[in-house]
A.B. asks: 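Okay, handing you the structure first.
The sequence lines fix the lettering, A, B, ..., with proteins before strands; numbering per chain opens at 1. What you are looking at is a predicted structure, and each value in this text was computed from that prediction instead of being measured.
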Amino acid sequence: MVKIKGLDRMLREHPFFEGMGADVQGIVAGCASNARYEADQIIHHEGDKADRFYLVRSGVVSIEMHVPGRKPVIMDTVHDGEVFGWSWITPPYRNSYDARAVQLTRLVVLDAKCLRKKMKKDCAMGYELLRRFIPVMAHRLTSSRLQMLDVYGSPKRGG
Amino acid sequence: MSPLPALNDPMLPRPFRIERAWRELSDTFSLYLVPQKGAKGFAYRPGQFNMLYQFGVGEVPISISGDAAEPLKLVHTIRAVGTVTDAMAGLKRGDVIGLRGPFGTPWPVEKMAGQDVVIITGGIGLAPLRPAIYHLLANREKYGKIIILYGARTPNDILYRRELEKWRGRFDISVEVSVDRAGHDWAGNVGVVPNLISRAVFDPLHTTALICGPEIMMHYSVKALNTAGIRDKRIFVSMERNMKCATGFCGHCQYGPHFVCKDGPVFRFDKIRKIFSVREI
């Protein structure tokens, strides 16, 4: 992982931070770094320490479940302008799925330990981040429920 | 559109011969029908359906999935989900079935001229929309952006895959496919099809959306379209109910104050919003 210049600007331009005050953005930027993953490279495994969360600048990341005795199942893909990784918010801070770059992917990586520390100190900043994260989590939950319905599966037999 | 007339007696099935039958997916097949000798073909509009009659077994409503500009090449794509459609799955070239139609309201393809068009569909819902897509592509210069968002269960369940790939290869339309689950051999989108809406780029004030798929998928698609700024009166959905007579007499497909067979299957969403989420309907 390489720290590069311009992270402030990257955060400002990312939809997740749209409308966020410059002061809060500045604090968050202090925990940010830039990363690049090649196609098929694992970003994190289920059960790993959830010490980061990610903003996708460009590329595609697959969210996968490892099922013993079966091939990994891709449950979701995350694209430009989206975020993934929410296990850093809730104890025990362990990732609940595998994340893999489907193609060359550029991310902004946020150091979760650094963020948690700052959020604890600065509640307004903590609120600002959580109010952006919770809708993402709610949306993912709704999408997962819809997937569970298996709407294209075999319907009740009729005509 | 063809000048061919509609069939006269709406309750009288006419014999149609199967010119070709082919499998689309493990449980889905298509039939290419031609009128029996001496019988006439008929004109139809994208989004309409026919009642197909398997002699001695029963009758089912099936959307027309061919090109309305070539009405003599009458194509229906059918999923085997019960007694009648199971029997139809065994039909082969030269067999004869009964047909009544065409019935129902069409997609408003002419009224959408000058607009961006977003087509959202999933599973076999692509079949009723394919005639509309053919129309849009044949009249490409009349429309703004054309965006097709299609969802399937897995990569093996993508209907009309070759055509989707062909459309995606054009430079003047956008096609996105998402599946509910996949393995590493799939490099495309995974997730529910309404999620594709927020990634699509269109002018919400001048966009018409056409949706066909499972009702719950349409429900979330409408929500996502509303969030993107498309109002209900620019959203059209194709509803599915238990159509029997197909002419609004029997009441089997009653949907609140509407009959899906006669007032639908294509409805402007603001006309049905109030009843769309009523569980008993």
A.B. asks: So which residue, A:D76, A:D80, A:V151, ends up with the most heavy-atom pairs under 4.5 Å with chain B?
C.D. replies: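 Going by pairs under 4.5 Å, I would pick A:D76.
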
A.B. asks: Minimum heavy-atom separation for B:W186 to A:I74, with atom names?
C.D. replies: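 Heavy atoms only, the tightest pair is O-CD1, 4.0 Å.
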
A.B. asks: Who among A:R70, A:M75, A:M65 has the most heavy-atom pairs with chain B under 4.5 Å?
C.D. replies: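 The residue among A:R70, A:M75, A:M65 with the greatest pair count is A:M75.
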
A.B. asks: To the nearest 0.5 angstrom, please state how far the CG atom of B:N195 sits from the NE2 atom of A:H79.
C.D. replies: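 It comes to 9.0 Å.
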
A.B. asks: Does any backbone or side-chain atom of B:A87 lie under 4.5 Å from a heavy atom of chain A? Answer side chain, backbone, both or neither.
C.D. replies: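 Interface part for B:A87: neither.
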
A.B. asks: Can you confirm whether more than 12 heavy atoms, excluding those of B:E240, are under 6.0 Å from its CD atom?
C.D. replies: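 Counting other residues, nucleotides and ligands, CD of B:E240 stays at 12 neighbours or fewer.
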
A.B. asks: Below 4.5 Å, heavy-atom pairs only: which of A:V73, A:T77, A:L149 has the largest tally toward chain B?
C.D. replies: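 Winner by heavy-atom pair count: A:T77.
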
A.B. asks: What's the shortest heavy-atom distance between A:Y152 and B:M217, and which atoms?
C.D. replies: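 Heavy-atom minimum between the residues: OH-CG, 3.8 Å.
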
A.B. asks: Is it the case that atom CZ in B:R23 sees more than 12 heavy atoms from other parts of the structure closer than 6.0 Å?
C.D. replies: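 Correct, the count exceeds 12.
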
A.B. asks: A:D40 and B:H184: side-chain donor and acceptor closer than 3.5 Å?
C.D. replies: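 Side chains of A:D40 and B:H184: no pair found under 3.5 Å.
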
A.B. asks: Let me know if A:Q103 has heavy atoms under 4.5 Å from chain B in its side chain, its backbone, both or neither.
C.D. replies: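 Looking at A:Q103, nothing touches chain B.
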
A.B. asks: Which pair of non-hydrogen atoms, one from B:V190 and one from A:Q147, has the smallest distance, and what is that distance?
C.D. replies: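 Closest pair (atom of B:V190, atom of A:Q147, distance): CG1-NE2, 4.4 Å.
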
A.B. asks: So which bits of residues 120-145 of chain A come within less than 4.5 Å of chain B, counting non-hydrogen atoms only?
C.D. replies: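 So far as heavy atoms go, A:H139, A:T142, A:S143 are the residues that approach chain B to under 4.5 Å.
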
